[in-house]
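Excluded from the calculations below are hydrogen atoms, water molecules and symmetry mates; all remaining heavy atoms, backbone and side chain alike, are included. Remember, predicted model here, so these are calculated numbers, not experimental data.
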Amino acid sequence: VPNAHARAAPRPRPRPCPGAPQRPATPGREPRAAEGGMRDYDEVTAFLGQWGPFQRLIFFLLSASIIPNGFNGMSIVFLAGTPAHRCRVPDTANLSSAWRNHSIPLQRLQDGREVPHSCRRYQLAAMTNFSALGLEPGRDVDLKQLEQERCLDGWEFSQDVYQSTIVTEWNLVCEDDWKAPLTISLFFVGVLVGSFISGQLSDRFGRKNVLFVTMGIQTGFSFLQIFSTNFEMFTVLFFIVGMGQISNYVAAFVLGTEILGKSIRIIFSTLGVCIFYALGFMLLPLFAYFIRDWRMLLLALTVPGVLCAVLWWFIPESPRWLISQGRFKEAEVIIRKAAKINGIAAPSTIFDPSELQDLSSEKPQSHSILDLLRTRNIRVVTVMSIILWLTIAVGYFGLSLDTPNLHGDIYVNSFLSAVVEVPAYILAWLLLRHLPRRYSMAAALFLGGSVLLFVQLVPPDLYYLATALVMMGKFGVTAAFSMVYVYTAELYPTVVRNMGVGVSSTASRLGSILSPYFVYLGAYDRFLPYILMGSLTILTAILTLFLPESFGTPLPDTIDQMLRVKGIKYRQTPSHTKIIKDDEESPTIIKSTAF
């Protein structure tokens, strides 16, 4: 947990997986030892051990509850897939076979190929007249001079890849092609809205209750989408699904970090939920390959969410939350059950209310979002963090949503896009443990951005190479996305850490909302999305090099203790207190004249 070593640190906050929705952090507190020798929660429950049968059960069940999040968010790739299409010519039109075969004008693609136009046809009245006169297209009539018109009678959609999608059902093409990316953007708007309320709900009603209620919302409203009668109804329901998805993710994450011990908590937050999210993403193309109708696919994707309801009888409430509510007996029952599962004899008295600090008696320090702009240094860090998060989110979600536009099989490409996330998470975890944050982030971003710029140089016949470069770009961006939360949390001081990370993660939500329109630009120039995402990613990598290095340094407690941004000179500040950690339990206070 990023703030595990800070004094008066907030309770553990989600370190979101790249694909999983991120939430702005909200203030919270975790029970900690008081000055009078009172024991904190970790000390009281130390007799349970770190990795017994109970901890393994919680680890895997909570990670498994994240699997539906992996395919619900990205399911729109197949639900809103746009197959090849052309204007429909009514069967009742009195046209000869020659005119019917030449009723669609050709358009030249960037690679020089000519294909039938997707949104135009020759004027039907003129073709009917020429056909009645016995004139042949191309020989008697110059097609280049023939007037064209819109697809007034609808479209014919290819069923080679999809049997049906929301695009084919509600004709979301040509003049209405903006509606499909709008659907995706509004899903992420739902994620943004849900991120603002999920923490408060979890703090008020309990982690377990919110976890299963929001899981039901995500599954239930996904099921209702099957019965959508129009685009507007589908989009509103998808917005609510987004709200449920982030709340479910946050509740599962917080529940895991509060039940598991310190050493397992870090692995759970970095590898557990992220890899299981990627596993859900991998299952999506498998479902979609065998189920080509969008309504039946959506029905199949709701089944795992229904099965997760069984977890209610295996996942307990957070004992930390129960203690914060003064419900010591319920918390003690859960800990004694955990001890029984682990085969450990529990002490006669576990939670002594006289020893535990009453969280409600703690008065939080008063800080506002304006503190993120108070000094020149924190202003620069905040602006740079916002740019960093927004750009990485655009890259990650843009590349994930762009898989249908890659050459080759869409199902294979989508599976590969999910698979590359697993080694990216593992690499990010190793980099965070052993190497400086700044250079790790910059290297991952440089890798992702540079290979995306090379895509436009690949010859058309080497489309496998182009796909490999895109996957390598996804790998780099995913690794960076997996590290940015920890890095940002380490840059901000304890007093505004949650607000700083919250503002940054909100910027990532804005990036995810914008990402469908980066993909949409591919309709005008196939390589334009890669050029934009690659350029922004490289510029962000350069920007990252100006951030201070936090690896191996103590976390700042106050704004004055923040590390300085590179390349900006500061006058020497008055003497102030700096905390240097000798070990995890006993920080040493020293005086420092400047940082």
Side-chain angles (χ1 to χ4, degrees), residues 1 3-4 9-17 20-32 40-42 44-45 48 54-69 194-219 243-262 264-266 268-269 272-273 276-277 305 308-335 337-338 341 351 356 359-360 498 502:
V1 178
N3 56 6
R11 65 175 169 80
R13 289 294 163 191
R15 173 192 173 280
C17 310
Q22 300 83 40
R23 64 180 280 263
T26 53
R29 294 181 303 278
E30 177 180 353
R32 58 186 175 88
D40 65 10
Y41 176 85
D42 287 326
V44 170
T45 60
L48 288 176
F54 174 76
Q55 287 89 347
R56 290 195 291 269
L57 180 69
I58 297 301
F59 184 99
F60 288 108
L61 290 184
L62 286 176
S63 297
S65 72
I66 302 294
I67 291 178
N69 292 32
S195 68
F196 285 116
I197 64 175
S198 56
Q200 286 81 357
L201 291 175
S202 181
D203 288 340
R204 181 173 182 180
F205 299 106
R207 322 308 191 204
K208 180 179 178 178
N209 291 333
V210 172
L211 169 64
F212 285 94
V213 169
T214 54
M215 193 182 298
I217 291 175
Q218 176 181 270
T219 303
M243 293 179 60
Q245 184 183 35
I246 178 62
S247 302
N248 163 33
Y249 171 82
V250 168
F253 194 103
V254 172
L255 188 57
T257 55
E258 290 184 345
I259 292 179
L260 299 172
K262 289 181 179 179
I264 305 304
R265 189 183 304 157
I266 296 175
F268 172 77
S269 63
V273 293
F276 275 80
Y277 177 92
C308 285
V310 179
L311 301 180
W312 173 271
W313 287 274
F314 298 94
I315 297 177
E317 181 56 271
S318 167
R320 290 177 185 263
W321 181 80
L322 291 172
I323 292 171
S324 72
Q325 304 298 306
R327 296 158 62 177
F328 299 105
K329 290 184 178 179
E330 296 176 57
E332 186 165 330
V333 169
I334 294 173
I335 297 302
K337 183 177 180 181
I341 294 175
F351 295 118
L356 291 171
L359 299 184
S360 61
N498 278 349

| said: Using 0.5 Å steps for rounding, measure from the CD1 atom of I259 to the NZ atom of K208. | reply: 9.5 Å
| request: Determine the minimum heavy-atom distance between Q218 and P68, stating which atoms define it. | output: NE2-CB, 3.8 Å
| task | Return the set of residues passing side-chain hydrogen bond (donor to acceptor under 3.5 Å, both in side chains) with Q55 (not counting sequence neighbours), or none when no residue passes. | result | N342
| Side chains of V213 and F205 in contact at under 4.5 Å (non-hydrogen atoms) | no
| Between A309 and F212, what is the shortest heavy-atom contact and its length? | O-CE2, 4.3 Å
| Do L311 and S65 have side chains that get closer than 4.5 Å, going by heavy atoms? | yes
| said: I'd like to check the ring pair (Phe, Tyr, Trp, His ring centres under 6.0 Å) partners of F276; sequence neighbours left out, ordered by chain and number. | reply: none
| said: Which residues pass the side-chain contact (heavy atoms from CB on, under 4.5 Å) test with L57, not counting sequence neighbours? | reply: L61
| request: Search all heavy atoms of G305 against all heavy atoms of M215 and return the closest pair with its distance. | output: O-SD, 4.4 Å
| message | So, taking the atom named CH2 in W321 and the one named CG in N209, what distance separates them when rounded to the nearest 0.5 Å? | response | 6.5 Å
| task | Using modelled atom types only, decide if a donor and an acceptor are shared between the side chain of T214 and the backbone of L211 within a distance under 3.5 Å. | result | yes
| Nearest 0.5 Å, what's the CD1-CG distance between I58 and L255? | 7.0 Å
| Looking at residues at least two apart in the chain, or sitting in another chain, which of them share a side-chain hydrogen bond (donor to acceptor under 3.5 Å, both in side chains) with S318? | E258
| message | To the closest 0.5 Å, what do you measure between CD1 (I66) and OH (Y277)? | response | 10.0 Å
| said: Among residues at least two apart in sequence or on other chains, which ones pass side-chain contact (heavy atoms from CB on, under 4.5 Å) with I334? | reply: P316, E317, P319, L322
| field | Interatomic distance, F54 atom CZ to L260 atom CG [nearest 0.5 angstrom] | value | 8.0 Å
